[in-house]
Amino acid sequence: MKNEETVLSEREKILARVREALKAPVPSPVSHGHVLPPAAAYPARQWLPKVGETFDDQLALFAKNAAELKADFQLLNSADEMCQALVRLRDTAGWRRVAGHSGDLTNAVCPALNLPLLRTDRAYDVHELEACDVGISECDALIAQTGSVLVTNRSAGGRALSVLPPHHVVLARREQLVADLPAAFELLQQKYAENYPSMISFITGPSRTGDIERILVLGAHGPKRLTIFCL
Amino acid sequence: MSTFAAQFLKHARVMSGDLRHRKIIRTALGNYEIARDQRQAAFQDWQGARQLAAVIKWEAVNHLDKYLEQFVAKLEARGTKVHWASTGDQAREIILQIVRDKKARSIIKSKAMTAEEIHLNDALEKAGLNVVENDLGEFIVQLRHEAPYHIVFPSMHLTRGEISELFQRELGSAPTNDPEELTMIARRVLRKKYLTADIGITGANFAIAETGMISITENEGNARLTAALPKTMVTLMGIEKVLPKLADLALFLPMLATMGTGQQITCYNTMYGGPRQPGESDGPEEWHIVLLDNHRTELLADAEQRDALHCIRCGACLNVCPIFRNVGGHTYGTTYSGPIGSVITPHLRGLQDWKHLSNASSLCGACTQTCPVKIDLHHHLLQNRRNAVKGKPAFFERLAYQAFGFVANRPALWSIAKKLGRLGQPLQKLVKGSALDPAKAWTQTRDLPPQPKESFKDWWTNRK
Ligand code: SF4
């Protein structure tokens, strides 16, 4: 009880100090002597790196970004091709344990692997997930501007599937490609504004670090490999 | 002189003469500069982006009460426990209480400068807990019992050889000179910790008022694991981290990455809006957010320097600062170093004790020019100098200037002083830089230009 009271009063004290401090006004940053209109009138898009108008431009940009980030991006023409690509990966990488979740694409493709699948979209044992060779998930969007994959814990099998196993495979569709970051946030708002998932993540290439002599090393704590199959 | 100032001078003298250290820093930052410039050039208009970022931060900081209340209401509606702490002591006590309630023994922690600011690890370790930093750079400096060297690159002052020796000594690993192998050693050690830790502690890069979320920017995936695996998650953040809208991140995420590391966007940028929600399969059962003031409201009350609260801790001003590059991060003896540290430390820890940092600047303005949110850093250093003198005038300095003014205003006295100066200069050489020299602080490392045999005035009167 006593604890509750101090919490409340600290909140009031801090907010009171904030209000007192703000009594002295500071003019908004100005540009060339003019006060700028509110931020809302300045969409970030016009300042951010340029993205082509057409779908093909955007797809090419995504592929270029993915290559620079050392992610493996493959365009496929049918669910069958996706199955084959996945099976090839299984054989070359020697997967034995696979984790994933239920979704249109995952359900259509994962059975082709012929391996037991640990589902992470319902209660699961994290040690079992840690022992998996790969996590296979869907996503919410691909972002051309940055080469990012947008996932949420609702669309991509929870918080850990896309980061705990050493290899993350994303199954996506061409329609999921958006031009830039502002478009990705618009999409999030349209899709989830009523009730946001508790985790939203922009994944841009495999996990990396430069903490030793600023030399790039992949797979610091998250996946060493990121594969994106796009239908 | 405060003891902090004496320490600073001592370390600065040693470090600026350490050519090996300077070379390491120069190489690391040279690579950063190339990447940063490329990323900046990819923006359609970098200056436009800076201006917009400054306006958004201005809006947030100048309506901080409104946005904080909105942020907290949204968070609480989804089951997050929000705590408020006026001081570092209070924040540590809140976190220790959570630890006691949960009977926790082991903690993993992803990088958080706010935690450095309140010396959280010390407090937790004193309480008998095992705390492991899981950002690679932070893990390395933790093993060395050292503070982070830089707010973004904690271990940039170390070579792979030194890190290998450290790992051999502390972790019993085999010697290697390969950064990849070294990273994998750390990966293996830390993996186990993620799976067994009772509590995960994180910081926050941004707080979104509109939706009640925090955003964490990282490259390694350590923060993602910290926010996914332990049953309890604790986030410690300063109250100034607020942004009004979720979509503001479309600007801030790439700007932070561009200036922080020279990437277009970092590997993981993750927004958290609550603990595990009904129907979700993983994530912490409980999420506590600790909102820290710790003198931030005092900085807010200083209308002249309020924009220092816009800082997104990208570290860019450190990277371009000629002082930082020569004296290094540890010399400052502060949590936040470089230009932004020199500006805010006097506010956070006392002006008179830390006023010397305002002079750790050539006033070149490189920091102000680079800052992505347009903080007027070098003018704030000047303002701190002025405020420090106002608060505690330097008696001898004032006396000296008064005497100078008196002499300079009287031509007869002035010409005598000049003659004396010409006679005196050869004598000064004898004591230059020694304890007998009244201008020792200045002359130790500098030569006085020789006075000309004949002054301009004499030449003018004597010319034929
Ligand atoms: S003051 Fe500006 S440049 Fe320096 S760390 Fe903060 S945001 Fe970056």
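The basis for the numbers below is simple: all heavy atoms, side chains too, and nothing from hydrogens, waters or symmetry mates. By convention in this document, chain letters (A, B, ...) are assigned in the order of the sequence lines, proteins followed by strands, and residues within each chain are numbered from 1.
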- Item | Engaged part of A:Val217 at the chain B interface, taking heavy atoms whose separation is under 4.5 Å | side chain

- Turns out that what part of B:Thr27 lies under 4.5 Å from chain A's heavy atoms comes down to neither

- Winner by heavy-atom pair count (cut-off under 4.5 Å) against chain B, out of A:Pro49, A:Ala220, A:Gly147: A:Pro49

- Contact class of A:Pro206 relative to chain B, heavy atoms under 4.5 angstrom: backbone

- Item | With B:Asp65, the salt bridge (charged side-chain N to carboxylate O under 4.0 Å, His left out) member among A:Arg17, A:Lys23, A:Arg19 | A:Arg19

- Message: Would you say B:Thr87 and B:Asn294 are linked by a side-chain donor-acceptor pair, where the criterion is simply a distance under 3.5 Å?
- Response: no

- Task: Could you verify whether a donor N or O on one side chain and an acceptor N or O on the other, from A:His168 and A:Thr227, lie under 3.5 Å apart?
- Result: no

- Okay, A:Glu186 and chain B: the region with an atom under 4.5 Å from a heavy atom over there is neither

- What part of B:Ala85 lies closer than 4.5 angstrom to a heavy atom of chain A: side chain, backbone, both or neither? backbone

- With distance as the sole criterion, is a donor-acceptor pair present between the side chains of A:Ser201 and A:Arg159 under 3.5 Å? no

- Task: Select one option (side chain, backbone, both, neither) describing which atoms of B:Glu304 are under 4.5 Å from chain A's heavy atoms.
- Result: neither

- Message: Is it true that B:Glu298 and B:His295 share a donor-acceptor pair across their side chains at a distance under 3.5 Å?
- Response: yes

- Would you please test B:Tyr194 and B:Asn222 for side-chain hydrogen bond (donor to acceptor under 3.5 Å, both in side chains) and show each step? CA-CA 9 Å; B:Tyr194 287 115; B:Asn222 57 311; 5.1 Å; no

- Query: Is chain B contacted by the side chain of A:Ile215, its backbone, both, or neither, given a heavy-atom distance below 4.5 Å?
  - Reply: side chain

- Query: Any Lys/Arg nitrogen of A:Asp140 or A:Lys191 sitting under 4.0 Å from an Asp/Glu carboxylate oxygen of the other?
  - Reply: yes

- Go through the atoms of A:Thr152 and report whether side chain, backbone, both or neither lie under 4.5 Å from a heavy atom of chain B. neither

- Item | A:Gln189 portion near chain B, given a 4.5 angstrom heavy-atom threshold | side chain

- Give, as side chain, backbone, both or neither, the part of B:Leu246 having an atom under 4.5 angstrom from any heavy atom of chain A. both

- Note on the structure: Ranked by heavy-atom pairs below 4.5 Å to chain B, first place among A:Thr204, A:Leu226, A:Leu181, A:Leu161 goes to A:Thr204

- Checking heavy atoms, do the side chain of A:Leu216, its backbone, both or neither come under 4.5 Å from chain B? neither

- Task: For this output row, return yes or no: ring centroids of A:Phe185 and A:Phe202 closer than 6.0 angstrom.
- Result: yes

- Query: salt bridge (charged side-chain N to carboxylate O under 4.0 Å, His left out) between A:Lys13 and A:Glu10: does it pass, once the steps are laid out?
  - Reply: CA-CA 5 Å; A:Lys13 277 188 218 157; A:Glu10 253 358 276; 3.1 Å; yes

- Let me know if A:Asn65 has heavy atoms under 4.5 Å from chain B in its side chain, its backbone, both or neither. side chain

